[in-house]
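These numbers were taken from a predicted model, which means no experiment stands behind them. Lettering of chains follows the sequences in order, A, B, ..., and the numbering in each one begins at 1.
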Amino acid sequence: MATVQISEAEKVYILHGVRDDLRVDGRGCEDYRHMEVETDMVSNTDGSAKVSLGHTDVLVGVKAEIGKPRPVARDEGYLEFFVDCSANATPEFEGRGGDELGVELSNTLYKVFGNRSSLDLKSLCISPGEHCWVLYVDVLLLQCDGNLFDAISVAIKAALFNTKIPKVHLSEDEQGGKEIELSDDPYDCMRLNVENVPCVVTLCKVGHRHVVDATMQEKACSVASLIISVTHKGTITCVRKVGGGSLDPESIFEMTETGKRVGKALHAPLMELLHKEESLGKKRDKVGFLG
Amino acid sequence: MTSNKSAVWKTVSMAADMRLPTIRKQVSLSASLSALDGKDLVVPGDVITSDTGFMRGHGTYMDEEKLTASVAGEVERVNKLICVRPLKTRFNGEVGDVVVGRVTEVQQKRWKVETNSRLDSVLLLSSVNLPGGELRRRSAEDELAMRDYLLEGDLISAEVQSVFSDGALSLHTRSLKYGKLGQGVLIQLSPSLIKRQKTHFHNLPCGTSIILGNNGFVWLYPTPGHQDEEAGGYYTSLEPVSLSDREVISRLRNCLLALSAHKVMLYDTSVLYCYESSMPHQIKDILKPEVMEEVVMVTRQKLMEQEG
């Protein structure tokens, strides 16, 4: 993970600030930095989104390809995740430096998003046992300024919302062989229901309290954090502890409660924003990467 | 633990602020454009002159006998030498510059300090004030105890003593105002935005002190009391900073980020005016683009009125 070095006195300053519920940037313990979301950024994907949270910048692209269903779930499609840690984000990622973090992130993404409770995988099936849609979700880290998980999860949800999968028609010839025909009309497409896709909330234990959306400096003061994925109903679908330190059961309980509350509050503004962006359609000025 | 618990529940969860990105426009007052007059700004590829009588300096190259800019910046001419001083750059230190830096390595008789220059700067053991008197020989014990004074990760304020031939800086802290920094907040900005002034240490009237390092590192800290100053710069207080001081520091931090996002030169007056203009807003809201724009606009107006 990209890290920063800070001195003892700075740590003490941050710790006392969190204790007083006034963080270095003036936020309270449960405040997010303001988040900017833009979808439909990359034309050669089926769905894409860019999220910036403070100076954290994440780009997610979703590509749909036809593949063979997994033997364990013959009537379902599936998702593949790949996280690319660009050396643009931090020089630490140069060469193979980002591989470890990339694998760690994509493993967590499989657990959080790649199951039937988050997406209707059955709708990705074309013909059971033979053909299904495989969604390749590629995450590119453009800049790291803490709280990667939350930014990635929001970007994935936005990209999945933005994903347009072309409709297919199955036809059978005389010999009983099946033929797949892709619709020519670019507007004749299937959308995914992202209602149940969870968002991830990372809670960092700083001193005796915990904060959401920790910056790199705050992260450097914390020994352990909890990654919680929460759906719009407030159901927790996945909890993971990262970092070397330990958490006592009581604080885990407190953190999950906070995570639930904060996570639930993330969905409504995100969906509102995505619908608004879509309703604007082509009228909206695209900002892209140079804004 | 239990006393903190009640405080946790007390905080009201706020819906996250999500929005579409907007194309960032620079806040500028029409009159402030006149400041550009008389300055020769170029972008890479611009032909500066086709006169062959000039010498090629930094930031330029010869393209078909024409002197062309290789960086975006301001053209500077010294006799026959033409240079382009880039707007976005790392710190090019000069003797006497005040810098804020972070110790990255402890070596034999020297510390390596990160100062946003192209190369790490050095702080020699012989150019610091050791506790216990000005005139003292640096013994082998002092060399062994170097980590007791400055550790990896520690922040220091220092002055550039000399510049090596490769451009690396040699620093010194031989004054009571320099030395190790205690509790506070570091902000890393562009060195081009720091206005050169007589003093870069300011005790602002809002109850906080600021060090505007020439290298773009800005240090905000609560104004120290008298007893701290006598300890010679190596004593750091780990006593909690009061909430009111914290609020001022956080507000100033966000103001500095707002000013730098809109490319306003930073010096005590601009910082103070921005602080005053931000008062109607909550500290955490200052970083929102629309609030930032408004605050910077008001600051610019105040600065213009002051200039007359």
**OP:** Write down the atom of B/S250, the atom of A/V24, and the distance for their closest heavy-atom approach.
**Re:** OG-O, 3.0 Å
Subject >> Closest contact, heavy atoms only, A/V12 versus B/Q183 >> reply: CG1-OE1, 3.7 Å
Subject >> B/E239 atom CD, neighbour heavy-atom count above 12 within 6.0 Å >> reply: no
Subject >> B/G153 to A/S7 - nearest heavy-atom pair and separation >> reply: O-CB, 3.2 Å
Subject >> B/R253, part contacting chain A, at a heavy-atom distance under 4.5 Å >> reply: side chain
Original post:
Which atoms of A/K50 come close to chain B, meaning under 4.5 Å heavy atom to heavy atom: side chain ones, backbone ones, both, or neither?
Top reply: neither
Original post:
So which part of B/N254 gets closer than 4.5 Å to some heavy atom of chain A, the side chain, the backbone, both or neither?
Top reply: side chain
**OP:** Give the member of A/V37, A/D213, A/L266 that has the highest number of heavy-atom pairs under 4.5 Å with chain B.
**Re:** A/V37
Subject >> Set of residues satisfying salt bridge (Lys or Arg N to Asp or Glu O under 4.0 Å) with respect to B/R102, sequence neighbours excluded >> reply: A/E10
**OP:** Please report the closest heavy-atom contact between A/L280 and B/L20, naming both atoms and the distance.
**Re:** CD1-CD1, 4.1 Å
Original post:
At a heavy-atom separation under 4.5 Å, does B/E152 approach chain A through its side chain, its backbone, both, or neither?
Top reply: both
Original post:
Taking 4.0 angstrom as the limit, do B/K284 and A/D25 come out as a salt bridge?
Top reply: no
**OP:** Write out, in numerical order, the residues from residues 184-192 of chain B with a heavy atom short of 4.5 Å from a heavy atom in chain A.
**Re:** B/G184, B/V185, B/L186
**OP:** Can you measure from NE2 (A/H55) to CG (B/L257) and round to the nearest 0.5 angstrom?
**Re:** 7.5 Å
Original post:
When you look at NZ of A/K233, are more than 12 heavy atoms from neighbouring residues, nucleotides or ligands closer to it than 6.0 Å?
Top reply: no
Original post:
About how many Å separate CD of A/E277 and CZ of B/R19, when rounded to the nearest 0.5 Å?
Top reply: 14.0 Å
Original post:
If every non-hydrogen atom of B/V103 is compared with every non-hydrogen atom of A/Q5, which pair is closest and at what distance?
Top reply: O-OE1, 4.0 Å
**OP:** Return the option, out of A/K11, A/H16, A/R27, with the maximum number of heavy-atom pairs under 4.5 Å with chain B.
**Re:** A/H16
Original post:
A/L22 versus B/E247: any side-chain heavy-atom pair under 4.5 Å?
Top reply: yes
**OP:** Evaluate side-chain contact (heavy atoms from CB on, under 4.5 Å) for A/Y32 paired with B/M18, printing each intermediate quantity in order.
**Re:** CA-CA 10 Å; A/Y32 268 88; B/M18 286 193 202; over 6 Å; no
